[in-house]
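Input: a single structure, listed below in C-alpha cells.
So you know, we letter chains A, B, ... as the sequences are listed, proteins then strands, and number each from 1.
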Amino acid sequence: MAGRGSTNEKAAPVKSEAALLPLQVLQKRSDFLKAARAGRAPCPAFLLQARQRRAGEADGVRVGFTCSKKVGNAVARNRAKRRLREIARLVLPTLGKPGWDYVLIGRADHTATRDFHSMQEDLRHALARVHAARK
RNA sequence: GCGGAAGGCUGGACGGCCGCUUUCUCUCCUUGGAGAGCGAGAGGAAAGUCCGGACUCGCUGAAGCAUCGGUGCCGGGUAACGCCCGGGCAGGGUAACCUGACGGAGAGCGCCACAGAAAUGAAACCGCCCCUUCUUCGGAUGGGGUAAGGGUGAAACGGUGGGGUAAGAGCCCACCGGGGGGCUGGCAACAGACCCCGCAUGGCAAGCCCCACCGGGAGCAAUGCCAAAUAGGGACCGCGCGCCCGCCUGAUUCCCUUUCGGGUUUUCCCGGGUCGGAAUAUCGGGGCAGGGGGGCUUCACCCCGAGUGGUCCGGGUUGGCAGCUUGAGCCAUGUGGCAACGCAUGGCCCAGAGGAAUGGCCGUCCAAGGCGCCCGGGAGACCGGCGCCGGGACAGAAUCCGGCUUACAGGCCUUCCGCGCGU
RNA sequence: UGGGGUGUAGCCAAGUGGUAAGGCACCGGUUUUUGGUACCGCGCACCGUAGGUUCGAAUCCUACCACCCCAG
C-alpha cells in the first residue's frame with residue numbers, strides 16, 4: 001500500500017508525456033479497412049498496418065487492435081490483444097507520428113509466446129519501415 | 001494393503017514495477033470534464049444455447065374450440081421445468097452400486113423387405129396317420145385327420161416332461177409362463193397369498209394415432225426517453241365518399257313575431273337586430289351502419305369513419321441515458337422432513353464492461369513429473385532427505401436467475417463394497 | 001446476443017425404414033497416325049461423430065462436432 005503511493009508519483013511524468021500524444025482507439029470498421037489498403041509491415045509476432053490520414057479527419061495518433069478466429073478461442077484472442085495493447089502503449093507515444101492510423105493484428109501462437117522485449121523491438125523496426133515507405 | 005463404488009470441496013500462493021474500468025469522498029474549473037484518495041473488479045463450468053422462468057412489447061385482451069408442439073411408471077419438492085429427491089418395476093454387476101423416452105398394441109389405420117407353405121384371426125410344402133380304388137406289390141389316385149418332426153426367418157397362435165392316440169393335439173396331468181376376479185398391505189406406482197380360466201389374439205406407437213397433463217408469439221439488438229440532422233414530402237393509378245338526428249340559441253336558407261333606420265303610397269320595398277318555427281343540398285357536430293385489427297366463434301377493446309390502398313421516386317440517423325444489476329441473492333444459527341427442500345431469526349451487499357475493462361512484465365515459493373546423489377531406513381517392493389531440470393488444466397461475464405449437457409492438469413475430504421493378511 | 005439451416009465418392013448431388021441412383025472428374029479399353037470427340041467398362045461411400053429404438057437406420061430419437069445464413 002505504501003509502495004503503491006510512491007510509484008504513482010514516479011508514474012506521473014510518464015503520464016504527462018503520453019498526454020502530449022494521446023492514443024485514440026480505432027472502433028469503426030471503415031478505419032480498419034482503410035488501414036489495410038495502405039502500407040503493411042509483417043513481424044514474427046504480429047502484422048502492422050498503417051496509413052497517414054487525410055487532413056481534417058482526426059487529430060493525434062490512433063491505433064486499433066484485432067485478432068481473427070484463427071488465433072484461437074476467446075481467451076487466446078484476448079491475451080493476444082492485451083499484449084499488443086501493451087507494446088503499443090510503451091512504444092507509440094514516442095515513435096508514433098500524429099496524423100497516422102496504426103492497426104496491430106495478432107497471429108496464432110506467436111503473439112502470445114514471443115519474448116516481450118523482442119516484440120517491442122519488432123514494433124520499432126516495423127514503424128520505421130512503414131514511415132520510410134510512405135515518403 | 002490391493003482393487004473398486006458413491007458423494008462433496010478446491011481450481012496455485014506471496015511480492016515488485018507499469019497500466020485498464022468503476023462506487024464513494026474531496027479538489028479544480030464554465031455545462032461537462034480533469035485530478036487525488038480509500039475501496040471493488042470473471043467461472044465451476046462465465047462455454048454449448050438444450051429446457052424452464054423473471055422482465056418488456058396495443059405483437060389487441062378474456063373465454064371456448066381447432067391446429068401445432070412438448071412431456072409420459074408413482075408420490076413429493078419447486079416460481080417453473082424435459083430438473084431434483086424418494087419409492088416401484090425391468091436389466092447389468094460377486095457386491096457397494098449403476099442404467100432405463102418405463103402410459104396404451106383384446107380403440108382404429110399402417111408396415112413387417114429377403115427367405116419361407118404360411119407374416120395375423122395365416123394356413124399345410126416335405127411329412128405322419130386312417131379309409132377307398134388300382135397294383136407290375138416298389139407304390140400310385142381320390143377323400144379325410146393332424147400340427148409332433150424337417151426346413152425358412154428377427155419373429156410361426158405358450159414352454160418342458162409325462163400320459164394319451166391310428167397319428168397327433170391343453171385332449172388330460174405336473175411345473176413354469178399368461179389372462180381374469182375379488183381380498184390384504186400401500187396415498188399411489190406396485191407387491192403378496194388365494195380362487196377361477198387349458199389359455200388363438202405376434203412385433204413396431206423414437207409410424208400415424210388414442211389417453212392424461214402442459215404450453216399464445218417475439219425477444220434487452222426487447223422496450224422507454226433525450227439530443228442532433230434532414231424531411232414537414234412528391235408523382236401516378238385504382239376503389240370510395242352510405243343512413244339518421246337538428247343538437248351548442250353552430251352555419252346557411254326559408255317562413256313568421258316584434259322593433260329600428262331609410263325609400264315612400266298607412267298595408268309595400270330595402271337593410272340591421274330580435275322571439276319562435278321549419279329544412280339539411282353544402283360547411284361543422286353527434287350517433288348508427290360499414291370497413292380494418294387473431295387460425296375461428298362470442299364478448300370486450302382499439303383504429304378508420306372521408307379518405308384509403310397499391311406502385312415508383314426522394315431525404316435523414318449508426319450518438320447519449322435508462323433498462324443494468326437487491327436477487328426465486330449469499331452467510332451463520334435454530335427447526336420440520338428419510339431426502340430434494342421448506343420455515344424462522346440475525347448479519348452482509350458481492351463485477352457491471354459496452355468494438356467490449358478485470359491485465360503486461362519480472363522475482364521467490366509450492367504441488368505433479370524426470371534425472372542424479374546420500375546409498376539413510378528396509379529382506380524386498382518401496383519410503384525419506386538433498387540438488388538440478390521442468391512446469392499449473394478446461395476456459396473469459398454481455399439483461400438476470402433455476403437446471404441440463406459438454407470440456408477439465410491435478411489435489412483434498414467423507415462414506416461404502418470385494419479380496420488378502422493380522423488380532 | 002438471439003433466430004434459422006446444412007453435412008452422402010475428389011466435386012455436384014438423388015435417396016422419408018429393407019442391396020446408397022445419376023452426372024462430372026479419375027483409371028483401363030475400342031475407334032484415331034497422335035490428341036480431342038464418341039462408345040464400352042472398372043473402381044471410388046465406416047452416409048459429420050457417438051449412443052439409442054428396431055429383426056434391420058443415410059432415413060426415426062437424443063447428445064455432441066463442423067460449417068453457412070439472417071437480425072439494429
**OP:** Can you tell me, in whole Å, how much space there is between the P of B:rC400 and that of B:rG39?
**Re:** 29 Å

Original post:
Mind checking whether A:F46 and A:V75 sit in one hydrophobic cluster, side chains of I, L, V, M, F, W, Y counted as touching below 4.5 Å?
Top reply: no

**OP:** Syn or anti for B:rC404, please, going by whether the chi angle lies within 90° of 0.
**Re:** anti

Subject >> Reported NE2-to-CE distance for the pair A:H110 and A:M119, which is rounded to 0.5 angstrom >> reply: 11.5 Å

Subject >> Distance between P atoms of B:rG403 and B:rA42 (Å, rounded) >> reply: 23 Å

Original post:
In Watson-Crick or G-U wobble terms, both distances under 3.5 Å, what is the partner of C:rU62?
Top reply: C:rA50

**OP:** Specify the glycosidic conformation (syn or anti) of B:rU325, with syn defined as within 90° of 0.
**Re:** syn

Original post:
Could you go step by step and tell me if A:I87 and A:L84 meet the side-chain contact (heavy atoms from CB on, under 4.5 Å) rule?
Top reply: CA-CA 5 Å; A:I87 62 171; A:L84 293 177; 4.3 Å; yes

Original post:
Taking any strand in view, what nucleotide pairs with B:rU406 in a Watson-Crick or G-U wobble way, both distances under 3.5 Å?
Top reply: none

Original post:
Between atom CZ in A:R85 and atom C1' in B:rC361, what is the gap in whole Å?
Top reply: 16 Å

Original post:
With both distances under 3.5 Å as the test, what is the Watson-Crick or G-U wobble partner of B:rG359?
Top reply: B:rC18

**OP:** Would you mind pulling out the nucleotide paired to B:rG369, Watson-Crick or G-U wobble, both distances under 3.5 Å?
**Re:** B:rC389

Original post:
Quick one: is A:R89 getting a side-chain N or O under 4.0 Å of the B:rG359 phosphate, OP1 or OP2?
Top reply: no

Original post:
Under a 90° cut-off about 0 for the syn range, is B:rG76 syn or anti?
Top reply: anti

Subject >> C1' gap between B:rG320 and B:rG16, integer Å >> reply: 41 Å

Original post:
If anything within 90° of 0 is syn and all else is anti, what is B:rA278?
Top reply: anti

**OP:** Please round to the nearest 0.5 Å and tell me the distance separating atom OG1 of A:T111 and atom CZ of A:R79.
**Re:** 10.5 Å

**OP:** Quick one: classify the glycosidic conformation of B:rG44 as syn or anti, with syn meaning within 90° of 0.
**Re:** syn

Original post:
Quick one: CH2 on A:W100 to CZ on A:R51, what's the gap to the nearest 0.5 Å?
Top reply: 10.5 Å

**OP:** Provide the Watson-Crick or G-U wobble partner of B:rG342, both distances under 3.5 Å; none if there is no partner.
**Re:** B:rU335

Original post:
Rounded to the Å, how far apart are A:E121 CD and B:rC361 P?
Top reply: 17 Å

**OP:** Report the base-pairing partner of B:rA306 (Watson-Crick or G-U wobble, both distances below 3.5 angstrom), or none.
**Re:** none

Original post:
Quick one: SG on A:C43 to CD1 on A:I105, what's the gap to the nearest 0.5 Å?
Top reply: 11.5 Å

Original post:
Distance between the P atoms of B:rC301 and B:rC283, in whole angstroms?
Top reply: 31 Å

Original post:
Using purine N1 to pyrimidine N3 plus N6-O4 or O6-N4 for Watson-Crick, or N1-O2 and O6-N3 for G-U wobble, each under 3.5 Å, what pairs with B:rU364?
Top reply: B:rA13

Original post:
Taking CZ from A:R82 and P from B:rU21, how many angstroms apart are they, rounded to a whole number?
Top reply: 15 Å

Original post:
Mind checking the P distance from B:rA351 to B:rG219? Whole angstroms is fine.
Top reply: 31 Å

Original post:
Relative to the 5' end of RNA chain B, which residue comes earlier, A:F65 or A:A76, by the nucleotide with the nearest heavy atom?
Top reply: A:F65

**OP:** Could you work out the separation of B:rC111 and B:rC73 based on their P atoms and round it to a whole Å?
**Re:** 31 Å

Subject >> Separation of atom CZ in A:R79 from atom C1' in B:rA356, rounded to whole Å >> reply: 19 Å

Original post:
In terms of the nearest nucleotide of RNA chain B, which residue is placed more toward the 5' end: A:E86 or A:V75?
Top reply: A:E86

Original post:
Is A:E86 paired with A:R83 through a side-chain N to carboxylate O contact shorter than 4.0 Å?
Top reply: no

Subject >> Separation of the C1' atoms in B:rG290 and B:rC239, to the nearest angstrom >> reply: 15 Å

Subject >> Any-strand Watson-Crick or G-U partner of B:rG284, both distances under 3.5 Å >> reply: none

Original post:
Rounding to the closest angstrom, what is the interatomic distance between B:rG178 and B:rA206 at atom P?
Top reply: 25 Å

